[in-house]
Structures are given as C-alpha cells and as structure tokens.
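In what follows, a single structure is set out as structure tokens and then discussed.
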Amino acid sequence: MPARVLDGTSIAHQIRAEIGPAVAAFAGRSGRPPGLGIVLVGDNPASEIYVRNKLSAAGDAGFRADLSRLQATASLAELLETVERLNRSEAHDGILVQSPLPDQMGRDAERRVFDAIRPDKDVDGFHPINVGRLVQNRATLVAATPSGIIELLERSNVAIAGARAVVVGRSDIVGKPIALLLLHRNATVTVCHSRTPDLPCIAADADVLVVAIGRPAFVTKDFVKPGATVIDVGVNRLVDLAQVERIFAPGSKGRQNFERRGSVLVGDVHPDVAEVAGALTPVPGGVGPLTIAMLLKNTLRAAVERAGQAG
Ligand code: NAP
C-alpha cells in the first residue's frame with residue numbers, strides 16, 4: 001500500500017487560519033498589527049522567492065511586513081546597522097535576516113548577524129539564548145522548520161512518545177533543533193551525519209525518519225523500515241535530464257513537471273520510498289509550507305510577549 005501523504009499545505013492553511021483571529025485581537029488591543037522585518041542582502045534568486053512568499057503570507061494574515069534590501073556589496077557593518085534599527089523599532093516584533101549572506105561578508109557573518117538580533121525578536125530561533133532555552137526545554141522561539149515538522153507529526157496523529165526517531169543531518173537550523181524537539185516529546189533519538197557509518201542500517205531502525213541533508217533522493221527504500229513515517233526536509237532543484245531520469249519513472253508527475261518547466265524539485269528522499277513508508281511528506285507541499293506558517297506563529301508570539309499581553 002502506498003504511503004499516506006502528509007499534506008503540509010493543508011496543515012499550514014489550518015495554522016494560518018487559527019492565528020488570524022489572534023492577529024486581529026492583537027491589533028485591536030495594541031492599535032497596530034504584529035510586525036515582521038525581513039532583511040535581504042543581494043539578489044540570490046532562491047532567496048528572492050522565499051522572501052516574496054514570506055512577505056505575501058504575512059500580509060495575507062494581517063501582519064505588517066517590511067523588507068529592508070541591501071546590495072550584495074553591502075558591508076557586514078551596514079547589515080548590523082539595519083538589524084539594530086529593527087531591534088529598536090517599536091513597530092517590529094520579529095526580525096528575519098534571509099540566509100545565505102553573500103560570501104564577501106565573511107565566513108562568520110551569519111553567526112554575527114544572528115547573535116545581533118534581540119532574542120525576543122528572533123523569530124527564526126537562531127540566537128544562542130533561544131537555542132540554549134530549547135536545549136533546556138524552556139518556552140522559547142524555536143526555529144520555524146523543525147517546529148513545523150512537530151506540528152505536522154502531531155496534527156497527523158503520528159506517535160512521537162516512545163518512537164525511535166532518526167534524524168539525518170545535524171545543521172543548526174534543522175537537524176539539531178528537530179532532534180531536541182523529538183527528544184523533549186519522549187522519542188528515542190539518533191542523529192546521523194556525513195561521517196556516520198552504516199547509515200542505511202541505522203535509518204532502517206526508525207519509526208520516524210527525518211532527513212535534512214540537501215542531497216537529491218539520497219534516502220532510498222533500503223533506508224526505511226516498512227510502515228515508518230518519513231519527513232523529507234530537503235528541497236533540491238534538478239535541471240539535468242540524466243539525473244531526473246535516474247530518480248523519476250517515465251510518465252511520473254516529476255518527469256512531467258521537468259518536461260514542462262525544464263526543472264523539477266525533489267527532496268532528499270527517493271520517490272520510491274512511498275512504496276515502503278507508512279507516511280511521507282511530499283516535496284513540494286510537505287515541510288516547506290509549514291516553515292512559513294510557523295514563522296508567522298513565532299512573530300505573533302513575539303508580539304504578544306513583547307506587549308506583555310496574554311496570548
Ligand atoms: P546543511 O546546513 O547543509 O546541513 C546538511 C547536513 O546534512 C549536515 O549535517 C551534513 O553532515 C549532512 N549530510 C550531508 N551529506 C550527507 C550524507 N551523504 N550523509 C549523511 N549526512 C549528510 O543543510 P540544512 O540547512 O539543514 O538543509 C538541509 C536540506 O533541507 C536542504 O535541502 C535545504 O534546502 C532544506 N531545507 C528546507 C527547509 C524547508 O522549509 N523546507 C528549511 C531548511 C532547509 P555534516 O554535518 O557531517 O557535514
């Protein structure tokens with residue numbers, strides 16, 4: 001039986017519909033909508049799309065959302081000044097600096113910028129204070145993608161407590177925080193990475209397998225226990241026909257999309273995994289839409305807490 005599809009788009013709609021009344025109530029009490037300040041440096045095409053989607057989702061949900069744009073040649077000092085302005089702004093409850101930053105800003109630029117954002121406006125949940133609070137399982141702003149995964153699992157009635165969870169990938173923005181969130185919900189968690197030996201064997205022990213590595217269709221059927229829930233975080237754009245042919249069967253939706261558009265998105269999980277998994281997130285339409293919904297939820301939460309209001 002093919003895997004149940006975990007429909008991130010419809011769960012994200014639900015979440016956005018739920019926060020609508022709370023956004024209106026905040027605006028009624030405060031005389032202003034909750035505000036999100038997004039900073040985009042340079043003109044990375046993928047970042048342009050992500051930022052446009054975030055701005056329009058925020059606008060649709062009744063938030064104030066502003067974009068501060070800096071040239072690709074901007075200095076780190078200029079970027080830090082922009083962050084400082086948003087830190088001081090009364091109208092902005094959440095600040096998001098879109099990554100990646102241009103290489104010319106230096107290797108540790110991202111870390112320095114995330115460190116400069118006020119923790120109570122850090123709606124990406126990347127500030128070390130918020131990460132530390134997450135480690136200790138205290139209430140905090142948590143990174144949007146991993147908290148979206150938890151919403152997806154819980155709202156799809158996937159058991160987390162007592163489950164064996166394997167997380168493939170150990171990035172600060174997905175792998176580590178999702179491992180902590182699963183652990184706090186009483187899963188037994190193993191984290192794998194590029195130096196893990198026998199990865200397929202470890203993954204095949206998982207009841208819940210989360211994959212966030214950025215390698216197209218890397219996880220194949222032999223990594224997956226029959227009936228497991230598989231969360232595919234990866235988003236990889238394929239433009240090479242030979243690669244597309246290796247992954248998508250003739251006549252499949254992926255092949256058709258490629259033939260129509262000249263490119264196709266694929267996750268880190270091979271489409272054939274649907275033949276063995278019990279439940280699986282699609283790419284696109286799985287984890288991605290939840291990331292934006294959780295960003296809005298975080299911004300509302302930051303606004304309510306900054307205003308000292310009950311939620
Ligand atoms: P990242 O920072 O590049 O981290 C990749 C992780 O994967 C690293 O821990 C790396 O291990 C591990 N890895 C790489 N190759 C591996 C292999 N062959 N076997 C096992 N582990 C391997 O990536 P990220 O930012 O977490 O993103 C991962 C993917 O998720 C990307 O495709 C990204 O586009 C996508 N993403 C999607 C969303 C969304 O909203 N849908 C949000 C964020 C990210 P080492 O630590 O050993 O190098």
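Order of appearance sets the numbers: ligands from 1, and atoms from 1 within every ligand. Computed from heavy atoms alone, side chains included, the values below leave out hydrogens, waters and symmetry copies. Computed from a prediction, not measured in an experiment: that's the story for all the values here. This chain uses plain numbering: 1 for the first residue, then up along the sequence.
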Can you tell me which portion of [X] lies within the under-4.0 Å heavy-atom range of ligand 1? Options are side chain, backbone, both, or neither.
X    : answer
L290 : neither
T196 : neither
V233 : both

With atoms numbered from 1 as shown, which atoms in ligand 1 lie under 4.0 angstrom from a non-hydrogen atom of [X]?
X    : result
I173 : 25 (O)
T291 : 39 (C), 40 (O)
G234 : 29 (C), 30 (O), 32 (O), 35 (C)
G214 : 28 (C), 29 (C), 31 (C), 32 (O)
L199 : 19 (N), 20 (C)
G288 : 40 (O), 41 (N)

Nearest-contact summary for [atom] - protein heavy atom, Å:
atom                    : value
atom 17 (C) of ligand 1 : F218 CZ, 4.0 Å
atom 43 (C) of ligand 1 : V174 CG2, 3.7 Å
atom 34 (O) of ligand 1 : V235 O, 3.7 Å
atom 23 (O) of ligand 1 : S171 CB, 4.3 Å
atom 11 (O) of ligand 1 : S194 N, 3.3 Å

Closest heavy-atom contact between [X] and [Y]?
X    : Y    : result
P34  : G62  : CD-O, 4.4 Å
S252 : A249 : OG-O, 2.6 Å
P271 : I247 : CD-CG2, 3.5 Å
G175 : V167 : O-CG1, 3.7 Å
P216 : D268 : N-OD1, 4.4 Å

Exercise for the section: Specify whether the nearest protein heavy atom to atom 48 (O) of ligand 1 is under 4.0 angstrom away. Expected result: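 Yes, there is a protein heavy atom closer to it than 4.0 Å.
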Exercise for the section: Return yes when at least one protein heavy atom is under 4.0 Å from atom 4 (O) of ligand 1, and no when none is. Expected result: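 So far as the 4.0 Å threshold goes, atom 4 (O) of ligand 1 is in reach of a protein heavy atom.
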Exercise for the section: Going by heavy-atom distance to atom 8 (C) of ligand 1, choose the closest among R170, R195, R215. Expected result: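 Heavy atom nearest to atom 8 (C) of ligand 1 belongs to R170.
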Practice task
Could you check which of V167, T281, I213 puts a non-hydrogen atom nearest to atom 22 (C) of ligand 1?
Solution key: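 Shortest heavy-atom distance from atom 22 (C) of ligand 1: I213.
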With a 3.5 Å cut-off and no angle check, do the side chains of [X] and [Y] form a donor-acceptor pair?
X    : Y    : result
R4   : S156 : no
R133 : N130 : no
D232 : T281 : no

Handout entry: R32/E90 ion pair, N-O < 4.0 Å
Key =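 E90 and R32: not salt-bridged.
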Practice task
For the pair K221 and D272, find out whether any cationic side-chain nitrogen is under 4.0 Å from an anionic carboxylate oxygen.
Solution key: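 D272 and K221: not salt-bridged.
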Problem - Contact with ligand 1 for A212, non-hydrogen, under 4.0 angstrom - result: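 It does; at least one heavy atom falls under 4.0 Å.
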Practice task
Go through the steps to decide whether R260 and N257 satisfy the test side-chain hydrogen bond (donor to acceptor under 3.5 Å, both in side chains), and finish with yes or no.
Solution key: CA-CA 5 Å; R260 239 190 343 263; N257 284 341; 2.6 Å; yes
